[in-house]
There are 2 protein chains.
Amino acid sequence: MNAVAAENQGEQSSRERILDAAEGLFARRGYAGVGLRELADLVGLGKSSLFHHFESKPQLYAAVCTRILARIAARVDESLARGGAPMERLERVVDDLLDLLAAQPSDARILLRSLFEDDELAGETREEREGRELTAHIMASISALLREGMEVGQFRSVHVPGLLLSLIGQTVFPFASGEFGQEILGKDPFDPAEVKRRKRETRDLLRHGLLAPAGR
Amino acid sequence: MNAVAAENQGEQSSRERILDAAEGLFARRGYAGVGLRELADLVGLGKSSLFHHFESKPQLYAAVCTRILARIAARVDESLARGGAPMERLERVVDDLLDLLAAQPSDARILLRSLFEDDELAGETREEREGRELTAHIMASISALLREGMEVGQFRSVHVPGLLLSLIGQTVFPFASGEFGQEILGKDPFDPAEVKRRKRETRDLLRHGLLAPAGR
DNA sequence: GTCTATAGGGAGATAGAC
DNA sequence: GTCTATCTCCCTATAGAC
């Protein structure tokens, strides 16, 4: 059975298993806090074997980030393609993103952490360029949706970049907040009931803050 | 001239200079990404001298975080003490926090990063306990204000813990977002005009989302 | 309070056998 | 594709002189 057939059977390639393990470790301890020795042990490989699949630690980190961004970009494209009025599409894309972040507990932390690591990711590898392109694509898609809603008069006139940053803070941050969020909320931020509540909260926020008065 | 007199003259103790430098480094590269050699060079001391002022790297990190939290707690207490109706106090405390975060460019990143480092800060040093107490105090103060606003009927009935997390995302995250935020906004998030805009945006969000209909 | 010297270990990465 | 062995460098922390 070759590698492709193995994956069709639900098994994973070494590359995928490394990426999965690395994602969890980087989420918990950050780029510099993870040693390749520890990662190799977790996957059940020798440390040197990692270098057969990834050429360096920065490149591995970039691959982890890019895989997450690719998942998100795919979901955003899919959500937006289903059509509807701007507010309908906006609420759907936010709902779907919250579902995605809730299903992949490491994603929110890695995404926020990667924003803070300006230094580490100054490189020019293929993965990093791809990651930047995916980020730009996601942001451009949602910006276009917001501007469209304003043009057709469904949304109030708002500062689009500012709202984008706020939306990220509102949706991504709670899933990255770990024990702190757990303590504040009194329950796990990933608990299905809490995810549902956060969807409602975000939707209410958009309806109160973004809908044009005539649209209510 | 002794140490206290020196500080009155505007000079800093070694301890303060170490904390300032460490804050900048930890903000940029995270706990594990900073070496004490680099920190010592930046301060202009030998590496060993750091251990005269702090007993270990985790304790130094905790001291950095606790100093930030103490600044914030002091400002929150001061803002809330000036009185007024709940919405007036809430808008003032948010305004003041945004000013504080804008004036201390490393604070937002360190605060968010420290939330992600559940592992590193599992300790029981005096600084860590102090940091947890300060965090609890800040959160309790703002929670109490939100509940008071709801009780007197000025605020709609909202889920207080959820709104707390959202507010942190809305206010702290943009200052931590670095080059990403800069690219989205098209300007430095710390630019005075942008800080002013973010204050307005946050105030509008609170007025649209939190004020009770009768209060408009 | 700051220094030099050093202990003791772990990091990322490479070479080359199998 | 995985392994063992090894390179070189840097890490936190300590000892002890000044």
Side-chain angles (χ1 to χ4, degrees), chain A residues 1-7 9 11-22 25-26 28-65 117 119-125 127-128, chain B residues 1-7 9 11-22 25-26 28-65 117 119-125 127-128:
Chain A
M1 185 163 60
N2 65 25
V4 174
E7 284 186 60
Q9 298 268 333
E11 294 174 30
Q12 282 181 314
S13 66
S14 281
R15 193 188 154 90
E16 292 296 314
R17 282 187 293 123
I18 293 169
L19 284 172
D20 287 342
L25 288 177
F26 283 137
R28 283 205 297 281
R29 277 196 293 287
Y31 175 77
V34 175
L36 297 186
R37 169 88 183 259
E38 180 186 14
L39 171 59
D41 287 351
L42 191 60
V43 182
L45 288 176
K47 187 176 53 161
S48 305
S49 302
L50 301 180
F51 289 92
H52 181 78
H53 300 278
F54 302 93
E55 61 187 33
S56 69
K57 188 185 178 185
Q59 197 249 356
L60 165 62
Y61 183 68
V64 167
C65 294
E117 328 250 350
D119 294 13
E120 266 83 17
L121 281 157
E124 295 300 323
T125 71
E127 270 81 7
E128 294 176 40
Chain B
M1 187 160 61
N2 63 26
V4 173
E7 284 186 61
Q9 299 267 335
E11 294 174 31
Q12 282 181 315
S13 66
S14 281
R15 192 188 154 91
E16 292 295 314
R17 282 187 294 123
I18 293 169
L19 284 172
D20 286 343
L25 288 177
F26 283 137
R28 282 205 297 281
R29 277 196 293 285
Y31 175 77
V34 175
L36 297 185
R37 169 87 183 260
E38 182 186 12
L39 171 60
D41 286 352
L42 191 60
V43 182
L45 286 177
K47 190 175 49 162
S48 304
S49 303
L50 301 180
F51 289 93
H52 180 78
H53 300 278
F54 301 94
E55 62 187 33
S56 71
K57 188 185 176 185
Q59 197 249 354
L60 165 62
Y61 184 68
V64 167
C65 295
E117 327 249 348
D119 295 14
E120 266 82 18
L121 281 156
E124 293 301 324
T125 70
E127 270 82 6
E128 294 177 41

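In what follows, chains are A, B, ... by sequence order, proteins preceding strands, each numbered from 1. In this text the structure is predicted, and so the values were computed from the model without any measurement.
Put simply, NE2 on B:His52 is 15 Å from C1' on D:dA17, counting in whole angstrom units. Rounded to whole angstrom, the span from the CZ atom of B:Phe54 across to the P atom of D:dT14 amounts to 16 Å. Taking atom OH on B:Tyr61 and atom P on D:dT12, their separation rounds to 14 Å, with Å as the unit. Taking atom CG of residue B:Leu39 and atom P of nucleotide C:dT2, one finds them 13 Å apart after rounding to whole Å.
Looking at heavy atoms from C-beta onward, A:Phe54 lies in side-chain contact with A:Leu19 at the 4.5 angstrom threshold. Between B:Leu50 and B:Leu60, every side-chain heavy-atom pair lies at or beyond the 4.5 Å cut-off. Counting heavy atoms from C-beta outward, B:Val34 and B:Tyr61 have side chains that stay 4.5 Å or more apart.
In this view, A:Glu38 and A:Arg29 satisfy the salt bridge (Lys or Arg N to Asp or Glu O under 4.0 Å) rule, not counting sequence neighbours.
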Per-nt protein contacts along nucleotides 3-15 of chain C (heavy atom under 4.0 Å; B base, S backbone sugar-phosphate only, - none) come out as BBB-----SBBBB
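Of the possible donor and acceptor atoms, none in the side chain of A:Glu16 sits under 3.5 Å from a partner among the backbone N and O of A:Gln12. Looking at A:Lys47, its side chain never comes within 3.5 Å of a backbone N or O of A:Gly35 through a donor-acceptor pair.
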